[in-house]
Amino acid sequence: MKRATMLTILIIFLSLISCHSQNKPMDSNKKTTYNVNKTDEEWRNILTDEEYRILREKGTERPHTGKYNLHFEKGNYNCAACGQTLFDSNTKFDAHCGWPSFDDALEGTITYVEDRSLGMVRTEILCSNCGSHLGHVFKDGPTDTGLRYCVNSVSLDFESKTKQNSED
């Protein structure tokens with residue numbers, strides 16, 4: 001009986017592995033060098049402890065706690081680590097998932113990396129300028145793009161269009 005149980009578990013495990021191995025990241029871009037390069041010590045001096053945990057150690061903030069989750073002012077969302085503009089507010093929507101969600105990123109601002117952590121295959125999104133962890137992108141978005149960029153608020157800074165227009 002134990003042998004049959006072990007065999008069943010092995011078959012299930014191998015089936016799961018084979019299914020996951022068929023998934024590919026959305027982009028094979030394996031960029032490992034960035035325009036902004038800092039040591040861990042430099043990042044620790046620039047970022048708060050929470051920002052460092054999420055942006056540099058690939059952490060996640062608790063759902064429904066981020067300041068930009070239900071924020072819908074017009075403007076741009078920038079990388080909190082380096083300031084690169086990542087998302088336009090016109091691409092933001094309420095996905096009811098607890099994190100800011102966007103259906104598209106500004107071209108060239110995101111690096112996509114396959115993430116096999118936590119026993120699943122996901123596509124991690126990084127700032128293409130500094131390599132900071134932003135969150136993940138999923139192919140379950142409700143708009144024409146079919147994408148849902150699920151981003152930690154801590155990874156973002158917001159620049160209001162009102163502020164942008166007054167500086168012009």
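Atom CG of residue D49 and atom CD1 of residue I54 lie 11.5 Å apart, to the nearest 0.5 angstrom. A distance of 9.5 Å separates SG of C130 from CG of N35, quoted to the nearest 0.5 Å.
Legend: residues meeting salt bridge (charged side-chain N to carboxylate O under 4.0 Å, His left out) with E57, ordered by chain and number and at least two apart, are R44.
K74 and F158 get closest at one heavy-atom pair: O-CZ, 3.4 Å. Between S89 and E73, the closest heavy-atom pair is CB-O, 3.4 Å. Between E42 and N37, the shortest heavy-atom distance links the atoms OE1-O, 4.4 Å. Across every non-hydrogen atom of C150 and F138, the tightest pair is CB-CE1, 3.9 Å.
Contact of the N69 side chain with the H64 side chain is registered, since non-hydrogen atoms from C-beta on lie closer than 4.5 Å. Looking only at side-chain heavy atoms (C-beta outward), L156 and Y77 come within less than 4.5 Å of each other. Looking at R53 and T48, their side chains never come closer than 4.5 Å, going by heavy atoms from C-beta outward. Y34 has its side chain within reach of T111: a pair of non-hydrogen atoms, C-beta onward, lies under 4.5 Å apart. Side-chain contact between C79 and L86 is present, with heavy atoms from C-beta onward closer than 4.5 Å. Two residues are said to be in side-chain contact when any heavy atoms from C-beta on lie closer than 4.5 Å; E114 and T123 fail this criterion. Within the 4.5 Å cutoff, the side chain of K58 has heavy atoms near those of the L126 side chain.
One hydrophobic cluster, built from ILVMFWY side chains closer than 4.5 Å, holds both L147 and L134.
Although no hydrogens or angles enter the test, the distance criterion places no donor-acceptor pair under 3.5 Å between the side chain of N129 and the main chain of Q84. Using a distance-only test at 3.5 Å, with no hydrogens or angles considered, a donor-acceptor pair links the side chain of N45 to the main chain of E41.
Ring geometry for F87 versus Y149: interplanar angle over 60°, hence perpendicular rather than tilted (30 to 60°).
With respect to R122 and E124, no salt bridge is recorded, no charged nitrogen being found less than 4.0 Å from a carboxylate O.
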Donor-acceptor pairs are to be reported for all side-chain atoms of residues 96-108 against protein atoms at under 3.5 Å, with residues two or more places apart or in another chain.
from: W99; atom 1: NE1; to: E61; atom 2: O; distance (Å): 3.0
from: S101; atom 1: OG; to: W99; atom 2: O; distance (Å): 3.3
from: D103; atom 1: OD2; to: T143; atom 2: OG1; distance (Å): 2.7

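For the salt bridge (Lys or Arg N to Asp or Glu O under 4.0 Å) condition, the pairs that include at least one residue of residues 86-100, sequence neighbours left out, are D88-K161.
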